[in-house]
Amino acid sequence: MSQKIIIDTDPGIDDTMAIFFALNSPEIDVLGLTTVYGNTPTERGTINALRILEIASRTDIPVYAGAIKPLESEYTGKGEFVHGHDGQGNTNLEPAKTKKGTGSAVDFLEKAIKENPGEVTLVPVGPLTNIAQLLLNNPKIAKDIKEIILMGGNALSQGNASPSAEANIRNDPEAADIVFSADCEISMVGLDVTNQVFMDKEHIDKIVNFDSPQTKHLKKIFPFYVDFLSKFFDKEGMATHDSSAIAYLIDRNLFKTIQYPIVVETLGISRGKTWMGTGMDQLDHNPWEDRRNVNICIEVDEEKVIDLIIQRVAS
Ligand code: BDR
Ligand code: CA
């Protein structure tokens, strides 16, 4: 039985590969894409999502536009130097012919969960504003969500948007904190593992040398991302952030997790840091009290995850 998922995304170069990866995986049934600002503004990201589905010949999957800014702050649009001004590596993707769904992303999420209680896994791979808004509108809905598997956060390692914080969480820490307090199963696929899933030139070549509409598109958009990340990591290649969340969904045995509740710092230089509550029971005031444990990915079988991504994307 395939797993019903909704990908909440800010597409985004690595988001694009993650969407193709999910669409090509028989274990997964993508019910819809919901969009959010982040790597690119929501309007642009929504066009990208529609176009990505057209490239994959999956226009049967609906796209709903979501939040255009964080819950309590402004969107500063800092993803452009990583993903290009269009979120697709400045490749000037041709306009989508298909249209987004009428209604909001949050309404679609709520409807899909209510129609399939206990069956829908949410896979947010961008800032968590839409998911937080869903929980704010209807806190009881958490019990009907099968699981939230999110790409974001950093438990044991440095951030990438600041020394303390990962970009998706740093974009809307207030929203992220609401999500980590939800009463449902949550798994965090953060930088602790996604930075380790590093595709080098040989891996990338296996994808871009394959001949399909999806891989032809990835061939166009990868160079901008690879150029930026190669400088960031001081080696040629790219960290496979969003696809790692899809790999976790398919086979969580490829990851080692630890279980602790998470609180997101919203103040000062640590704004956006995902803090684990490790053995804090003795505190008079325990900020992690009343939160469920999160499955926090801390180790990954890099080779097997990369093999799985290549096998599915280049197919
Ligand atoms: C996350 O930030 C975005 O740039 C990527 O798409 C990914 O979701 C990595 O920190
Ligand atoms: Ca993303």
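Numbering of ligands and ligand atoms starts at 1, following listing order.
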Does the side chain of Thr16 come under 3.5 Å of the side chain of Gln88 through a donor N or O and an acceptor N or O?
-> yes

Between Asn295 and Glu185, does a side chain to side chain donor-acceptor pair (under 3.5 Å) hold up when you go through it step by step?
-> CA-CA 8 Å; Asn295 305 309; Glu185 179 98 5; 3.0 Å; yes

For ligand 1, is any non-hydrogen atom under 4.0 Å from Asn160's backbone (N, CA, C, O), its side chain (CB onward), both, or neither?
-> side chain

Glu166 heavy atoms within 4.0 Å reach ligand 1 at atoms 1 (C), 2 (O), 9 (C), 10 (O)

For the hydrophobic clusters of this structure (ILVMFWY residues joined by side-chain heavy atoms under 4.5 Å, transitively), does one cluster hold both Leu308 and Met151?
-> yes

At a cut-off of 3.0 Å, list the protein N/O/S atoms near the Ca ion (ligand 2), residue plus atom name.
-> Asp10 OD1, Asp15 OD1, Asp15 OD2, Val125 O, Asp242 OD2

Identify the residue among Thr9, Asn48, Thr46 that makes a side chain to side chain donor-acceptor pair (under 3.5 Å) with Thr35.
-> Thr46

Verify whether one side chain among Asp29 and Gln3 offers a donor that lies under 3.5 Å from an acceptor in the other.
-> no

Run the numbers on Thr34 and Asn130 for side chain to side chain donor-acceptor pair (under 3.5 Å), then give the verdict.
-> CA-CA 8 Å; Thr34 51; Asn130 290 334; 4.6 Å; no

Nearest-contact summary for atom 7 (C) of ligand 1 - protein heavy atom, Å | Asp242 OD1, 3.2 Å

Glu80, CD: over 12 other non-hydrogen atoms inside 6.0 angstrom | yes

Measure up the His83 and Tyr225 rings against each other and bin them: parallel (under 30°), tilted (30 to 60°), perpendicular (over 60°).
-> tilted

Consider only side-chain heavy atoms of I, L, V, M, F, W and Y, link residues closer than 4.5 Å, and tell whether Ile5 and Tyr248 are in one cluster.
-> yes

Nearest protein heavy-atom contact for atom 2 (O) of ligand 1: which residue, which atom, what distance?
-> Asn168 OD1, 3.5 Å

Would you mind telling me if ligand 1 is within reach of the side chain of Asn39, the backbone, both or neither, using heavy atoms under 4.0 Å?
-> side chain

Subset of ligand 1 atoms that lie under 4.0 Å from at least one heavy atom of Asp15 | 6 (O)

Report yes if some N/O of Val125 lies less than 3.5 Å from some N/O of ligand 1; otherwise report no.
-> yes

Heavy atoms, side chains only, cut-off 4.5 Å: are Leu128 and Asp172 in contact?
-> no

For ligand 1, note which part of Asp14 has a heavy atom under 4.0 Å away: side chain, backbone, both or neither.
-> side chain

